[in-house]
There are 2 protein chains.
Amino acid sequence: MGSRKKQASSSPRPLSMADLARELGVSMTTVSRALSDHHSIGPATKQRVLKLAKKLNYQPNHLASALRRGQSRLLGVVVPYIEGKFFPAVIQGIEHAASKAGFSVIVCQSHEEVQLERRNVETLLHAQVAGILVSLARNTQEYQHFDKVRSRGIPLVFFDRIPGAGQVDAVVLNDQAGGFQATSHLLAQGRRRIAHLAGPPRLNIYSQRRQGYLDALATYGIPPDDDLIIYSDMTVDDGAQAMRQLLARPAGRPDAVFAAGDSAILGALQELKAQGLRVPDDVALVGFSNESFTAITEPQLTSVDQRCEEMGQAAVRLFLELAAAPEAPFVQRQVVLEPKLFIRGSSLLPAPVGVG
Amino acid sequence: MGSRKKQASSSPRPLSMADLARELGVSMTTVSRALSDHHSIGPATKQRVLKLAKKLNYQPNHLASALRRGQSRLLGVVVPYIEGKFFPAVIQGIEHAASKAGFSVIVCQSHEEVQLERRNVETLLHAQVAGILVSLARNTQEYQHFDKVRSRGIPLVFFDRIPGAGQVDAVVLNDQAGGFQATSHLLAQGRRRIAHLAGPPRLNIYSQRRQGYLDALATYGIPPDDDLIIYSDMTVDDGAQAMRQLLARPAGRPDAVFAAGDSAILGALQELKAQGLRVPDDVALVGFSNESFTAITEPQLTSVDQRCEEMGQAAVRLFLELAAAPEAPFVQRQVVLEPKLFIRGSSLLPAPVGVG
DNA sequence: TTGTACGCGTTATCAC
DNA sequence: GTGATAACGCGTACAA
């Protein structure tokens with residue numbers, strides 16, 4: 001930044017293929033072929049071109065290329081939000097895989113609003129992205145805004161939060177297995193009256209986690225109790241409020257809670273402490289997402305980890321497959337990743353067991 | 001997603017201005033003018049064009065437009081990372097302001113590596129972005145990769161972490177004031193032996209916070225003690241380790257710690273607890289960034305809030321100003337936002353004071 | 001006020 | 001293996 005000259009020093013526009021061609025005394029076609037590694041070109045000419053390009057620091061104009069081919073090297077991503085650990089980590093996976101394949105990534109947030117989600121998709125289409133990766137907003141219930149994407153032949157991959165109906169390509173976590181692992185763990189610790197803080201069941205992730213919870217109970221021959229399942233949007237406050245309700249149940253309080261999200265389980269923990277109950281002694285807790293704050297609370301929170309980076313990478317791989325065979329008939333592809341339970345203090349039996 | 005037909009239904013390429021022109025029996029020029037609200041066009045014709053455009057759901061090809069004008073409606077953003085609260089919030093502010101002005105946003109992460117930062121800038125230039133907003137990687141010490149940006153006449157705005165030398169347009173927090181507020185608060189609480197966990201002083205934000213710390217001490221006539229300032233990369237582990245060092249000081253342990261980041265202060269808190277010391281009774285703590293986990297720890301952590309959204313919005317405003325006057329001579333513009341201290345349990349005097 | 005014609009930088013198609 | 005040429009969709013001098 002040493003120079004203090006004018007901001008725009010009459011911007012000498014970057015050199016084009018035509019410049020290289022003139023310099024070398026060959027045609028633009030030849031230059032283009034050399035740079036794009038086309039087969040019908042002599043190795044000698046190719047080297048000459050590449051050498052000069054490097055020497056003059058030639059930068060291809062992606063815009064022109066995209067215009068000509070009707071396809072850019074941009075990959076659009078729509079997520080509900082980027083706070084917390086999950087989506088940044090997924091995006092990290094996406095960026096990594098995408099950049100390896102020569103794509104740049106545009107990230108848009110829907111802020112859990114379907115209207116914004118629609119606008120984001122429009123924006124991405126305008127930017128002529130080569131593909132779109134989506135994790136749905138919480139209140140998305142109809143999916144017409146994605147029809148345009150398909151009808152333009154642009155690869156569309158969902159991840160984590162996917163449409164409830166229809167055939168789509170997607171990468172998901174085995175949320176059911178996650179719910180099953182979490183609940184089974186609590187059962188193995190001797191808990192029998194296990195409550196569940198569930199998210200909106202319209203979202204696949206939440207209905208699946210609940211199903212895993214129910215399956216685990218069934219395995220132990222425990223009949224499900226509707227009074228022990230509380231639905232909410234899974235914020236910290238929601239979790240605290242749900243815990244209050246559970247503690248007021250006439251049938252007696254639960255001895256464990258499995259929440260489909262870490263924020264909710266954090267709220268539950270705080271409420272339990274506020275009421276003078278001990279965790280895990282009185283009530284054991286398990287959350288979902290393995291947020292970084294699960295290692296900060298006292299006790300630390302047991303939680304289900306979601307393989308975030310892998311999810312992002314898998315989504316990009318799927319996109320690349322679709323992009324490679326644009327005219328192929330549609331075959332639904334679903335990648336399912338397996339979750340992993342991280343066991344911490346909030347769910348472990350007191351001393352007798354001697355674990356961890 | 002009901003349709004199960006082929007992914008690419010022979011993609012009928014979106015209609016162009018030429019299509020509209022043909023349909024209306026006018027020239028492309030007229031269509032172009034109508035759509036871009038040019039002055040020399042009859043109100044009647046204009047309406048006809050706009051109406052048909054809406055009816056046929058015409059979508060302008062931004063790529064072509066960008067190619068023609070040498071400028072897209074994309075705004076590039078380079079940040080060190082997107083974990084935590086700060087950068088997502090700033091990005092949120094950026095997206096909001098940018099979309100209001102008709103720009104889309106590309107976010108790239110440098111992962112604190114100058115090499116990646118360089119690549120990101122290249123990528124953005126290739127994407128022909130209209131402007132670039134940057135928050136520097138921790139180890140960026142030379143800034144030539146930004147010279148290209150300027151020489152192409154592309155507006156460049158730094159935010160939060162800005163180059164140490166040279167003239168740049170930037171939005172920053174008054175980090176010095178933040179450090180001053182934090183330290184003054186501790187002094188007002190009666191603490192006199194205050195340590196400081198500092199970040200790499202090469203980064204403006206850290207040197208400024210340290211300066212604020214020193215200024216506050218000076219105000220109280222307390223000479224700075226080099227043994228009480230520990231430099232690190234401010235991770236949780238760094239904070240814990242620094243706390244260990246401080247507790248082992250032969251001159252006696254500090255009665256308060258101000259860290260230039262919340263992760264470090266969290267590490268300090270954990271170390272203090274591990275050693276059986278009480279917070280704030282034995283050692284009071286203040287952090288920086290007001291991360292969401294500051295409200296989770298016990299006690300909750302006092303911290304300096306950074307006006308994240310405002311920073312993003314201000315950066316976009318600066319960009320828009322620069323873009324509006326591309327040929328204007330360079331005048332350094334710096335926006336400085338004022339921080340706000342959030343006081344919580346980790347820094348408050350025990351009962352006698354009776355606050356909060 | 002409207003239309004004509006050209007160029008932005010690249011790639012696809014054809015001819016040689 | 002190489003080259004000329006025509007698009008891709010839009011903006012804009014210039015002419016009418």
Side-chain angles (χ1 to χ4, degrees), chain A residues 11-50 53 56-74 102 125-130 152-153 326, chain B residues 11-50 53 56-74 102 125-130 152-153 326:
Chain A
S11 54
R13 67 169 51 70
L15 39 73
S16 69
M17 286 188 174
D19 299 318
L20 293 186
R22 198 178 321 111
E23 191 80 13
L24 287 168
V26 300
S27 77
M28 277 173 46
T29 314
T30 303
V31 176
S32 174
R33 280 174 178 149
L35 293 170
S36 54
D37 214 19
H38 195 274
H39 61 275
S40 60
I41 185 163
T45 351
K46 183 162 147 189
Q47 283 314 313
R48 283 212 308 149
V49 175
L50 291 180
L56 298 186
N57 189 30
Y58 162 76
Q59 303 290 9
N61 185 328
H62 292 191
L63 244 50
S65 166
L67 174 61
R68 180 58 238 247
R69 304 185 331 188
Q71 281 283 299
S72 75
R73 297 294 278 185
L74 290 174
L125 286 178
H126 286 186
Q128 310 285 123
V129 293
R152 285 220 206 161
Chain B
S11 54
R13 66 169 52 68
L15 37 74
S16 69
M17 286 188 174
D19 299 318
L20 292 185
R22 199 177 323 110
E23 191 81 12
L24 288 168
V26 300
S27 80
M28 276 178 47
T29 316
T30 305
V31 176
S32 172
R33 280 174 178 149
L35 294 170
S36 55
D37 213 21
H38 195 275
H39 61 275
S40 61
I41 185 162
T45 351
K46 183 162 146 188
Q47 283 314 312
R48 284 212 308 148
V49 174
L50 291 180
L56 297 187
N57 189 30
Y58 164 76
Q59 303 290 8
N61 185 328
H62 292 192
L63 244 52
S65 163
L67 175 61
R68 180 61 237 260
R69 306 183 333 193
Q71 281 282 299
S72 74
R73 297 295 276 184
L74 290 173
L125 287 178
H126 287 185
Q128 310 285 124
V129 294
R152 285 219 207 162

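Everything numeric here is computed off the predicted structure, so don't read it as measured data. Naming: A, B, ... by sequence-line order, numbering from 1 per chain.
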Picking from C:dT2, D:dG11, D:dT5, the nucleotide nearest the side-chain atoms of B:R33 would be C:dT2

Whole-Å distance, B:R22 CZ to C:dT4 P, equals 14 Å

In terms of heavy-atom contacts, A:M28 and A:A18 come closest through CG-CA, 3.8 Å

In whole angstroms, the gap separating P of C:dT11 from CZ of A:R69 amounts to 7 Å

Going by heavy atoms in the side chains, are A:K46 and A:D37 under 4.5 Å from each other? yes

| query | Is the shortest heavy-atom distance from the side chain of A:S40 to the side chain of A:R33 under 4.5 Å? | reply | yes

Ordered by number, residues from residues 40-50 of chain A within less than 4.0 Å of DNA chain D (heavy atoms) are A:S40, A:I41, A:G42, A:T45

note: A:H38, atom NE2; C:dC14, atom P; distance rounded to Å ~ 13 Å

B:Q59 CD to D:dC10 C1', in whole Å, measures 15 Å

Interatomic distance, CG@B:L67 vs CZ@A:R68, rounded to 0.5 Å, equals 12.5 Å

N or O in side chain of A:T29 less than 4.0 angstrom from D:dG3 OP1/OP2:
no

Atom CG of A:L35 and atom P of C:dA12 are separated, to the nearest Å, by 13 Å

- [ ] Assign B:S32 to base, sugar-phosphate, or nothing according to its heavy-atom contacts below 4.0 angstrom with the strands shown.
- [x] base

Item checked: OP1 or OP2 of C:dT10 under 4.0 Å from side-chain N/O of A:Y58 -> yes

Between CG of A:D19 and C1' of C:dG9 the distance, given in whole Å, is 10 Å

* Ignoring backbone atoms, test whether A:S27 places a side-chain nitrogen or oxygen under 4.0 Å from the OP1 or OP2 oxygen of D:dA4. => no

Margin query: Should the side chain of A:R68 and the base of D:dA7 be counted as holding a donor-acceptor pair, with the cut-off at 3.5 Å?
Written below: yes

Applying side-chain hydrogen bond (donor to acceptor under 3.5 Å, both in side chains) to B:S27 and not counting sequence neighbours gives B:T30

Separation of D:dC10 atom C1' from B:L15 atom CG, nearest Å, is 14 Å

Rounded to whole Å, the CG-C1' distance (A:L67 to D:dC10) equals 8 Å

#### Entry: A:E23 and A:L20, any side-chain heavy atoms less than 4.5 Å apart
no

When rounded to the nearest 0.5 Å, the distance separating CG of A:L125 from CZ of A:R152 is 5.0 Å

How would you label the contact of A:T30 with the nucleic acid (heavy atoms, under 4.0 Å): base, sugar-phosphate, or nothing?
-> sugar-phosphate

